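Working notes, structure below.
Proteins get letters first, then strands, A, B, ... in listed order; numbering begins at 1 in each. Since this is a predicted model, take the numbers as computed values, not measurements.
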Amino acid sequence: MKKFVNDPAQFVPEFMKGIAQANPDLLDYTPEFQMITRKGGPNNSKVSIVQGSGSGHEPAHVMAVGPGMLTGACQGAVFAAPPVDACYETIKACASDAGVLVLVNNYQGDRMAWDMATEMATAEDINVKQFWINDDVAVEDSLYTVGRRGVAGNFFVIKACGAAADQGKSLDEVYAIAEKVNNNVRTMGVALTSCIPPAKGTPIFELGDDEIEVGVGIHGEPGRRREKIHSADKITEELFEAVSKDIPFNSGDRIALMINGLGGTPITELYVMYAKAHDLAEQAGFTVVRNYVGEYCTSLEMAGASLTILRLDAELEALLDAPAETAARIF
Amino acid sequence: MKKFVNDPAQFVPEFMKGIAQANPDLLDYTPEFQMITRKGGPNNSKVSIVQGSGSGHEPAHVMAVGPGMLTGACQGAVFAAPPVDACYETIKACASDAGVLVLVNNYQGDRMAWDMATEMATAEDINVKQFWINDDVAVEDSLYTVGRRGVAGNFFVIKACGAAADQGKSLDEVYAIAEKVNNNVRTMGVALTSCIPPAKGTPIFELGDDEIEVGVGIHGEPGRRREKIHSADKITEELFEAVSKDIPFNSGDRIALMINGLGGTPITELYVMYAKAHDLAEQAGFTVVRNYVGEYCTSLEMAGASLTILRLDAELEALLDAPAETAARIF
Amino acid sequence: MTEISQSQIERAIQTTCKTVLRNELYFSDLDGLAGDGDFGTSLATGYRVIQNDWNDIDKSNIGAMLLKISMLVSKHVGGSSGPIWGTGFMKAAMLSKGKEAVTLQELTDMLGSAIEGIQARGGAKLGDKTLLDALIPVHETLKGHCASANPDLGRALCDCADVAEKAIEETKTLVAHRGRASQVGERSAGTPDPGIVSIAVILNDWCKEFGVERTATAAEVLNQPA
Amino acid sequence: MTEISQSQIERAIQTTCKTVLRNELYFSDLDGLAGDGDFGTSLATGYRVIQNDWNDIDKSNIGAMLLKISMLVSKHVGGSSGPIWGTGFMKAAMLSKGKEAVTLQELTDMLGSAIEGIQARGGAKLGDKTLLDALIPVHETLKGHCASANPDLGRALCDCADVAEKAIEETKTLVAHRGRASQVGERSAGTPDPGIVSIAVILNDWCKEFGVERTATAAEVLNQPA
Ligand SMILES: Nc1ncnc2c1ncn2[C@@H]1O[C@H](COP(=O)(O)OP(=O)(O)O)[C@@H](O)[C@H]1O
Ligand SMILES: Nc1ncnc2c1ncn2[C@@H]1O[C@H](COP(=O)(O)OP(=O)(O)O)[C@@H](O)[C@H]1O
Ligand SMILES: [Mg+2]
Ligand SMILES: [Mg+2]
Ligand SMILES: [Mg+2]
Ligand SMILES: [Mg+2]
């Protein structure tokens with residue numbers, strides 16, 4: 001394992017400290033709960049949006065806090081749901097008269113922690129609703145009784161809900177937007193390599209030099225199948241096919257198209273995939289209204305990518321257009 | 001080699017096509033010269049800023065085109081300077097009555113190509129000046145007779161010059177800003193792994209499982225030395241020391257601090273380094289006025305990072321503050 | 001009826017701290033076989049705090065103590081284990097509010113309530129290859145001992161350790177239906193569940209602590225670090 | 001004085017196309033030993049276009065043809081090789097403007113002017129371990145033949161191939177001071193310079209094409225793909 005780490009047990013608090021130091025005007029950091037909130041806290045006349053999950057998916061979760069996005073978020077250890085108290089404190093720190101929407105990717109550990117936190121907050125008369133994001137089409141049903149996983153589609157749910165909340169929409173209205181986005185967004189990923197959680201020190205899975213894992217999860221969970229690597233175009237076709245057939249999306253749809261890097265893949269390779277995905281979208285009769293190429297929901301340094309399609313309508317287009325600011329930035 | 005590629009010979013044109021498709025309102029793409037220019041072309045009353053270099057450093061070069069940044073850029077093959085004609089056509093496409101500033105990282109191939117292109121353009125009465133960026137402190141002098149290399153400091157030269165040009169500054173004024181930034185910016189990088197150019201198919205260099213290359217170049221050029229890996233803090237200290245002692249920077253300086261990922265290192269590791277670098281800057285008596293954590297000048301999928309310090313004054317602070325828009329974006 | 005004193009419960013918890021800390025890597029390695037390898041670390045993070053803060057924990061009665069432990073777990077344990085173990089302690093605390101000793105029946109009810117809480121929280125049922133596959137048989141065993149005229153605590157503990165150990169082997173071939181291990185599908189079959197192993201190991205260590213003679217037989221219990 | 005016809009120059013260029021394309025990988029591999037491994041590909045990209053566009057290239061005179069070739073190189077060849085070879089052809093074109101044949105003296109001057117242009121462009125001098133270390137001795141050799149009363153073209157070509165080949169061995173131990181190879185410092189010592197090898201290989205292939213008998217001796221020239 002070669003990484004920029006000190007004590008692996010301090011990896012999460014150390015990088016959170018860095019995020020906080022880099023964004024003093026934007027964010028507040030509470031080390032005790034590995035919690036980051038918008039500078040100045042919640043606005044009582046606006047719905048707050050909170051999230052929290054295992055670390056290792058950055059910029060997902062804590063780097064999505066800021067105007068037009070999340071009100072606050074907390075992080076667990078790498079790939080482990082945050083402790084219940086961190087979730088509870090995040091809800092409390094973001095409590096608003098207009099209500100709090102807990103918007104979390106669908107994993108068992110996260111669900112349990114946020115369920116308990118929500119119960120605790122509700123007992124204190126905080127108005128909380130929960131919404132579970134589950135856009136990953138890789139795992140169809142089955143065994144996986146906690147349901148489909150939430151992955152990069154998460155970004156769109158946050159973006160749309162964050163914009164709606166900041167525009168003064170009610171808790172029920174923001175919840176309805178979360179539902180609409182989640183119902184219309186689908187993702188599938190592919191891994192070229194495994195990642196290595198710092199505390200574990202070894203890869204989550206082993207892939208041959210010429211193998212890829214199609215449908216991989218963002219914690220290295222196995223996907224649909226392992227295959228021999230093939231061309232970027234063929235891989236993109238496979239992802240596009242799986243994603244676009246799932247809802248299904250229809251000719252004439254206006255869409256947002258995302259190629260999300262899983263952490264170790266350079267931006268140029270993502271654009272090679274985007275070029276193909278864009279062509280496929282046009283061939284399918286979709287209009288690509290917005291696009292997103294880069295890292296939105298990663299798996300440490302895993303080489304790989306996911307493809308996300310979101311069906312738009314006028315309301316969602318306006319919400320994606322709205323201004324937003326987070327620790328993830330260029331300038 | 002596991003990458004998202006089709007024919008390696010088509011890697012550059014394919015990802016450029018993707019960038020163009022993803023930014024139809026922002027950019028124009030001329031495949032014949034692997035050239036990307038601002039939509040609508042140059043503004044005759046503003047200085048144009050152009051650049052162009054080998055591929056593999058994205059978002060550097062073509063993904064830095066846009067309002068407040070470059071007017072146009074062209075790309076060569078991976079790690080190879082662009083052909084002379086591409087450089088010439090880029091100058092021509094960006095020709096402005098206010099003049100053109102060619103702003104390129106200092107490498108022999110690039111210098112020769114831009115020298116010829118500049119001569120050709122000058123012969124056609126285009127008003128062109130050149131400026132060579134050389135912020136890498138890794139290689140001190142010596143053998144390397146083409147001089148120091150240009151690396152991530154490049155971003156600051158572009159940002160400041162792009163802002164100044166868009167504000168209507170003259171060619172000489174913009175040139176003076178390039179000089180000021182370049183005189184006040186220093187960088188050093190470290191590699192944890194090599195990268196693999198798609199057409200080569202094998203790593204540029206080999207590092208042991210516990211080795212790092214301190215002072216690595218963005219094409220995998222050897223640095224100051226190869227050592228055993230140590231903690232993120234110690235590596236950051238070493239980079240900080242080398243960079244801050246070079247000009248040198250002085251206590252009381254107002255600075256911009258950048259931790260730049262080389263392509264394969266996840267953002268969290270960069271923030272672990274940022275936390276340390278920020279502390280070191282404060283201990284050295286610097287005020288960190290702005291910071292940049294992410295990918296600005298990469299080396300394909302190389303795991304590694306570089307640290308850049310830029311000394312600021314009121315003029316540069318205002319230029320860094322100015323709005324800008326490129327294909328590298330989040331929302 | 002046979003009573004269990006607060007100090008006995010305190011000893012059991014202190015023993016559990018040692019067991020969990022000693023097995024941190026071992027439990028994580030077991031979790032790594034089919035899950036994400038965080039189980040040992042998550043649990044140890046919580047029990048390390050319990051051990052370090054031991055003197056500050058409210059011990060005015062069993063319920064108060066268990067409530068505080070549940071709170072420490074909720075604060076420090078992440079992953080699925082935080083809600084599972086936190087819920088278990090919380091439910092047990094509610095049935096022992098104000099008590100300085102509990103009868104075997106009360107202890108059995110505390111465990112029953114903990115199991116119900118864990119099931120309500122995580123939706124797992126018997127056979128899903130989770131620590132419930134150890135806790136439920138243990139609960140049944142305790143119920144059996146309660147029904148006897150003059151239950152023997154040592155015999156009860158020994159029998160509990162036996163059934164927990166048996167659960168390791170019996171569930172090994174199952175496919176996990178809950179937790180991260182459930183997401184590797186068939187790959188989880190053939191590996192022991194770390195949660196079940198942890199219960200068996202803890203109960204075995206309790207036997208030692210309370211001088212109950214018993215010979216462990218499962219490799220997973222014998223293999224734990226000394 | 002001995003003349004070289006336009007058609008002979010055309011044959012030489014067509015031969016060069018074949019040489020460069022056949023050696024694309026080999027030249028890149030040589031560049032990979034101490035540089036970035038792009039030399040063969042960069043050069044081949046240009047010569048492939050010259051070969052494909054051969055019929056469309058203006059052949060009204062030697063100068064016009066060389067100018068067009070220089071333009072194709074400038075358009076298609078990246079890295080340092082584009083400016084180096086482009087400049088060379090451009091300078092040679094300027095001295096052969098409007099001519100349908102050149103004397104050996106004129107050819108020698110064309111090469112001299114190309115060398116000057118390359119030096120002005122890239123700042124390399126003799127001993128920096130670049131293709132100039134082949135071109136400069138070749139130029140000297142040609143000057144010697146020009147000085148003779150009745151120069152023999154075949155002999156001149158053979159001698160040129162000999163000195164270029166000798167340059168490979170003579171420069172091998174040097175550290176490169178220009179181009180990407182210069183950035184690996186000492187690591188470039190001990191490897192042949194691909195630019196020098198390419199000149200030696202091209203001249204050897206010209207000997208074959210023009211029926212000049214000569215036996216190559218350098219491993220790098222003998223090793224090239226058939
Ligand atoms: N829904 C559940 N109910 C009860 N126990 C569970 C459940 N899910 C997992 N477990 C237990 O927790 C253990 C794993 O804990 P941990 O690693 O913290 O959770 P995760 O599976 O989320 O990574 C498993 O070995 C299993 O015994
Ligand atoms: N400044 C220079 N002048 C003349 N020839 C040079 C110079 N730099 C490099 N060369 C020649 O070019 C060859 C390498 O070409 P190429 O790979 O295209 O350039 P780069 O070194 O920029 O990657 C070298 O083998 C050398 O012979
Ligand atoms: Mg977990
Ligand atoms: Mg090169
Ligand atoms: Mg686990
Ligand atoms: Mg080269």
If you look at every heavy atom in [X] and [Y], which pair is closest and at what distance?
X      : Y      : value
A/I218 : A/S299 : O-OG, 2.7 Å
A/A232 : A/V272 : CB-CG1, 3.8 Å
A/G68  : A/D166 : N-OD2, 2.7 Å
A/F4   : B/E269 : N-OE1, 2.8 Å

Which answer fits B/M302, side chain, backbone, both or neither, if we ask what part of it has an atom under 4.5 Å from a heavy atom of chain A?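 Looking at B/M302, nothing touches chain A.
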
Which answer fits [X], side chain, backbone, both or neither, if we ask what part of it has an atom under 4.5 Å from a heavy atom of chain B?
X      : value
A/D209 : backbone
A/I330 : both
A/T268 : both
A/I19  : both
A/M69  : side chain
A/R329 : both

Quick one: do B/F155 and B/Y296 satisfy ring pair (Phe, Tyr, Trp, His ring centres under 6.0 Å)? Show the steps, please. CA-CA 7 Å; B/F155 171 82; B/Y296 292 87; 4.7 Å; yes

Do you know which of [options] has the most heavy-atom pairs under 4.5 Å to chain A?
options                       : result
B/L207, B/L262, B/V12, B/I267 : B/I267
B/K3, B/E211, B/M1, B/Q10     : B/K3
B/P24, B/P198, B/G304, B/A327 : B/G304
B/A20, B/G264, B/A22          : B/A22
B/E58, B/H278, B/K17, B/E295  : B/H278

Looking just at side-chain N and O atoms, do B/Q75 and B/S55 make a donor-acceptor pair shorter than 3.5 Å? yes

Heavy-atom pairs under 4.5 Å with chain B are the metric here; pick the option from [options] that has the most.
options                        : value
A/I235, A/D279, A/T265         : A/D279
A/E14, A/M273, A/M16           : A/M273
A/G294, A/A324, A/G263         : A/A324
A/T236, A/I229, A/I259, A/T298 : A/I229
A/K234, A/H230, A/K276, A/E301 : A/E301

I'd like to check [X] versus [Y] (side-chain heavy atoms, cut-off strictly below 4.5 Å). Are they in contact?
X      : Y      : result
B/L239 : B/S306 : no
B/D210 : A/K2   : no
A/L307 : A/F240 : yes

Check the orientation of B/F79 and B/H57. Use parallel for under 30°, tilted for 30 to 60°, and perpendicular for over 60°. parallel

Return the orientation label for the A/F156 and A/Y292 ring planes: parallel under 30°, perpendicular over 60°, tilted otherwise.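 The arrangement is perpendicular - the two ring planes meet at more than 60°.
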
